[in-house]
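Remarks on the structure that follows.
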Protein chains: 2
Amino acid sequence: MNAQVDLTRNQALVLQALDGAEGPLSAYTILDKLRDDGFRAPLQVYRALDKLQELGLVHRLESINAFVACCQPHRHDHEMIAFAICGKCGNVDEFSDSMLEERLGTWVRAHRFKPAKTTIEIRGACADCADAERELESPARSN
Amino acid sequence: MNAQVDLTRNQALVLQALDGAEGPLSAYTILDKLRDDGFRAPLQVYRALDKLQELGLVHRLESINAFVACCQPHRHDHEMIAFAICGKCGNVDEFSDSMLEERLGTWVRAHRFKPAKTTIEIRGACADCADAERELESPARSN
DNA sequence: CGATCATATGTAATAACATTACACATCGGT
DNA sequence: ACCGATGTGTAATGTTATTACATATGATCG
Ligand SMILES: [Zn+2]
Ligand SMILES: [Zn+2]
Ligand SMILES: [Zn+2]
Ligand SMILES: [Zn+2]
């Protein structure tokens with residue numbers, strides 16, 4: 001599905017692991033998943049992740065030290081990406097918002113700051129998980 | 001300067017270390033700075049940091065695993081805070097922007113996401129450091 | 001072809017960051 | 001004096017990421 005052309009074996013394996021996962025994975029979780037494929041050391045994972053991030057196929061979630069496959073082959077070159085991360089089920093929503101980008105750009109220009117990488121991550125509960133939690137809290141009339 | 005009332009000895013020491021620092025500090029750097037004050041284990045630092053964050057006196061910079069003293073006694077209760085972090089000199093600019101907050105709030109409401117903590121961090125070079133770098137790159141005519 | 005260079009890999013060791021577990025201390029309210 | 005909430009001291013362990021060095025692979029050029 002993704003432009004996996006030109007990926008090396010290790011890179012392809014790591015990307016597959018992320019693509020097949022429900023939510024974000026830590027580097028060491030990926031390593032464990034790939035033991036059977038010959039992976040032995042963390043560096044094999046980190047190196048592949050570095051390359052995949054360079055190619056825009058994978059994102060790192062800074063606030064939880066984990067990685068996700070990019071949900072689209074869209075060009076991230078000049079886009080600012082935000083993530084909504086559910087702490088319950090692990091679901092991650094990747095989105096971009098031009099007004100958000102505009103707004104941060106305004107601040108950056110005003111302060112002559114030269115941005116290299118911008119992180120926007122909202123941690124919380126997704127709609128489904130928030131609903132489930134509300135049910136537990138409410139005086140359940142299901143007796 | 002900060003409302004240090006009610007802080008325990010350990011908490012006060014950690015806050016002082018951060019207040020006196022030029023830039024963000026890692027937990028282990030703080031530990032080293034406080035060896036002479038009797039600190040021996042990481043947990044002493046992490047516990048103090050937890051409390052200080054609860055009190056809004058300290059912020060954690062997720063993207064660089066470091067901590068900074070809050071620059072103001074302002075109420076962070078319902079504010080979204082963003083950070084511009086210079087990778088060269090370590091300077092950190094803490095700012096909030098209601099439009100930014102509004103914009104993320106719009107997304108969150110539209111997706112019925114229940115936010116717990118939001119991280120906004122811009123890493124790059126501050127004005128001074130960007131200038132200094134430009135000078136090195138340009139064909140210096142200062143010969 | 002053989003020399004060379006850039007990129008990727010394998011492996012071990014180590015560094016950097018953070019938490020768990022348990023025992024003990026301190027303080028305020030009853 | 002008792003209790004519960006909060007804080008502390010210490011050791012051990014868990015988790016995340018990098019450094020260092022050797023080897024391999026593949027494209028390019030004379
Ligand atoms: Zn993406
Ligand atoms: Zn969820
Ligand atoms: Zn602050
Ligand atoms: Zn700077």
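Naming: A, B, ... by sequence-line order, numbering from 1 per chain.
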Original post:
So among B/Leu57, B/Leu13, B/Val68, B/Ile30, which one has a side chain to side chain contact (heavy atoms under 4.5 Å, CB included) with B/Leu18?
Top reply: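 Result: among B/Leu57, B/Leu13, B/Val68, B/Ile30, B/Ile30 is the only option passing the side chain to side chain contact (heavy atoms under 4.5 Å, CB included) with B/Leu18.
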
To check you understand the geometry: which heavy-atom pair defines the closest contact between [X] and [Y], and what is its length?
| X | Y | answer |
| --- | --- | --- |
| B/Asp37 | B/Arg9 | O-NH2, 2.6 Å |
| A/Leu31 | A/Pro42 | CD2-N, 3.9 Å |
| B/Gly56 | B/Cys70 | O-CB, 3.5 Å |
| A/Pro24 | A/Gly90 | CD-O, 3.0 Å |

Subject >> ring pair (Phe, Tyr, Trp, His ring centres under 6.0 Å) pairs, two or more places apart, involving residues 99-123 of chain A >> reply: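 Sorted result for residues 99-123 of chain A: A/Trp107-A/His111, A/Trp107-B/Phe95.
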
**OP:** Enumerate the residue pairs fulfilling ring pair (Phe, Tyr, Trp, His ring centres under 6.0 Å) with a member in residues 13-39 of chain B, sequence neighbours excluded, ordered by first and then second residue.
**Re:**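 Pairs touching residues 13-39 of chain B that pass the test: none.
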
**OP:** Can you pull out how bent the helix from C/dC1-D/dG30 to C/dT30-D/dA1 is, comparing the axes over its first five and last five pairs, to 10°?
**Re:**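 Helix axis angle between the two ends: 20°.
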
Subject >> Short N-O contact, A/Arg103 and A/Glu101, less than 4.0 angstrom >> reply: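 Salt bridge absent between A/Arg103 and A/Glu101.
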
Apply side-chain hydrogen bond (donor to acceptor under 3.5 Å, both in side chains) to [X] and list each qualifying residue two or more places apart in sequence or on a separate chain.
| X | value |
| --- | --- |
| A/Arg40 | none |
| B/Asn10 | none |
| A/Ser63 | A/Glu121, A/Arg123 |
| B/Ser98 | none |

Nucleotide N/O of nucleotides 6-9 of chain D paired with protein N/O under 3.5 Å:
residue	atom	partner	partner atom	Å
D/dT8	OP1	B/Thr8	OG1	2.9
D/dG9	OP2	B/Asn10	ND2	3.2
D/dG9	OP2	B/Gln44	NE2	2.5
D/dG9	N7	B/Arg47	NH2	2.5
D/dG9	O6	B/Arg47	NH1	3.3
D/dG9	O6	B/Arg47	NH2	3.3

Original post:
Nucleotide range of DNA chain C contacted by chain B, 5' to 3', under 4.0 Å to a heavy atom?
Top reply: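 Listed 5' to 3', the contact boundaries are C/dC17 to C/dA21.
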
Subject >> Interface with DNA chain C, restricted to residues 82-92 of chain A and to heavy atoms under 4.0 Å >> reply: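 Contacts with DNA chain C under 4.0 Å: none.
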
Subject >> Pairwise side-chain hydrogen bond (donor to acceptor under 3.5 Å, both in side chains) hits with a residue in residues 82-93 of chain A, at least two apart >> reply: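 Applying side-chain hydrogen bond (donor to acceptor under 3.5 Å, both in side chains) to every pair that reaches into residues 82-93 of chain A, excluding sequence neighbours, yields A/Lys88-A/Glu133.
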
Original post:
Would you say the side chain of B/Thr119 lies within less than 4.5 Å of the side chain of B/Leu61, judging by non-hydrogen atoms?
Top reply: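 They are not in contact (no side-chain heavy atoms under 4.5 Å apart), so the answer is no.
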
Are any protein N/O atoms closer than 3.5 Å to N/O atoms in nucleotides 14-17 of chain D? If there are, list each pair with its distance.
residue	atom	partner	partner atom	Å
D/dA17	OP1	A/Arg60	NH1	2.8
D/dA17	OP1	A/Arg60	NH2	2.5
D/dA17	OP2	A/Tyr46	OH	2.9
D/dA17	O5'	A/Tyr46	OH	3.3
D/dA17	N7	A/Tyr28	OH	2.6
D/dA17	N6	A/Tyr28	OH	3.1

**OP:** Scan side-chain atoms only and decide if B/His59 and B/Glu94 contain a donor-acceptor pair under the 3.5 Å cut-off.
**Re:**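 There is such a pair between these side chains.
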
